[in-house]
Amino acid sequence: KSLRLPTGTHINTVEGLPGVSTALPTLETASFIFTTLPYSAEGADAIPLYETQFNYITRAGARQGPWFGAPTVASISLDRRIGLFTLPLINDISGAPVLRGADGDPEAPRTAIKLMLESLGFPR
C-alpha cells in the first residue's frame with residue numbers, strides 16, 4: 001500500500017500553538033502528494049497541530065480508498081522544544097508550491113512554519 005493526498009485535500013488545524021496568539025491557517029494541497037507519511041501524536045507530551053485524511057492504494061492498484069490510520073502531519077512537543085511538519089512545501093523537481101491556504105493564500109504554508117518556529121522560541 002501507499003498513501004496519497006490528492007490535490008485539494010484540506011489539512012485542518014487541531015490545536016492552537018502555545019505561546020502564540022495568531023491562529024494557524026487551514027491548508028490544502030496544491031498538487032498531488034505521495035511523498036509523506038502521517039504519524040500518531042498522542043499522549044501528554046505532544047500537541048497535534050495539523051491533521052488530514054490520506055487515501056491508500058494497493059501496489060497493484062486494484063484497491064484504493066480512505067486510510068483510517070494516524071492523521072497527524074504536524075505537531076509540537078508540550079515543552080516547546082521539538083516541532084515536526086511532515087508535508088513538503090515545494091515540489092523537489094519543479095519547485096512549484098505543493099501547499100496553499102484553504103482560502104487560496106499562497107503564503108499560508110510559510111506563515112504556518114513561521115508560527116511554529118515562533119512557538120518554539122525562534123526570534124522573529
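Distance check, rounded to the nearest 0.5 Å: OG1 of Thr35 to CG of Leu87 gives 8.5 Å. Separating the CZ atom in Phe54 from the CG atom in Leu37 is a distance of 7.0 Å, to the nearest 0.5 Å. To the nearest 0.5 Å, atoms OG1 (Thr111) and CG (Leu27) are separated by 9.0 Å.
Within the 4.5 Å cutoff, the side chain of Tyr56 has no heavy atoms near those of the Ser2 side chain. Side-chain atoms of Arg100 and Pro106, non-hydrogen and from C-beta on, never get closer than 4.5 Å to each other. Residues Pro18 and Ser119 are in side-chain contact: their nearest non-hydrogen atoms beyond the backbone lie under 4.5 Å apart. The shortest distance between side-chain heavy atoms of Arg4 and Ile57 falls below 4.5 Å. Within the 4.5 Å cutoff, no side-chain heavy atoms of Asn12 are placed close to those of Thr52.
Although no hydrogens or angles enter the test, the distance criterion places no donor-acceptor pair under 3.5 Å between the side chain of Glu118 and the main chain of Val20. A distance-only check finds a donor-acceptor pair linking the side chain of Thr36 to the backbone of Thr86 [under 3.5 Å]. Under a 3.5 Å cut-off, the side chain of Thr72 and the backbone N or O of Pro48 do not form any donor-acceptor pair. Using modelled atom types, no side-chain atom of Ser77 and backbone atom of Asp45 make a donor-acceptor pair closer than 3.5 Å.
Applying side-chain contact (heavy atoms from CB on, under 4.5 Å) to Glu51 and the options Val73, Ile11, Val14 leaves one that passes, Val14.
In plain terms, the two heavy atoms of Ala108 and Gly101 that are nearest each other are CB-CA, 3.4 Å. Between Pro25 and Leu115, the shortest heavy-atom distance links the atoms CD-CD1, 4.3 Å. Listed here is the closest heavy atom pair of Gly16 and Ile47: O-CG2, 4.3 Å. Shortest non-hydrogen contact noted between His10 and Ala102 is CE1-CB, 3.6 Å. Taking every heavy atom of both residues into account, Pro6 and Asn55 meet most closely at CG-ND2, 3.3 Å. Here the closest non-hydrogen pair linking Ala74 and Tyr39 is C-OH, 3.2 Å.
The hydrophobic cluster containing Leu17 also contains Leu120, counting ILVMFWY residues as joined when their side-chain heavy atoms lie under 4.5 angstrom apart, directly or transitively. Met116 and Ile82 end up in different hydrophobic clusters when Ile, Leu, Val, Met, Phe, Trp and Tyr side chains are linked at under 4.5 Å. Cluster annotation: Leu84 is not connected to Phe122 through the hydrophobic network of ILVMFWY side chains, with a link wherever side-chain heavy atoms come within less than 4.5 Å. Leu5 is not connected to Phe34 by any chain of hydrophobic side-chain contacts under 4.5 Å among Ile, Leu, Val, Met, Phe, Trp and Tyr, and they are in different clusters.
More than 12 heavy atoms of other shown residues, nucleotides or ligands fall within 6.0 angstrom of atom CG in Asp105. Counting non-hydrogen atoms of neighbouring residues, nucleotides and ligands closer than 6.0 angstrom, the CZ atom of Phe32 exceeds 12 such neighbours. Counting heavy atoms of neighbouring residues, nucleotides and ligands inside a 6.0 Å radius, atom CG of Leu89 exceeds 12 of them.
No donor-acceptor contact under 3.5 angstrom links the side chains of Tyr50 and Ser75, judged on distance only.
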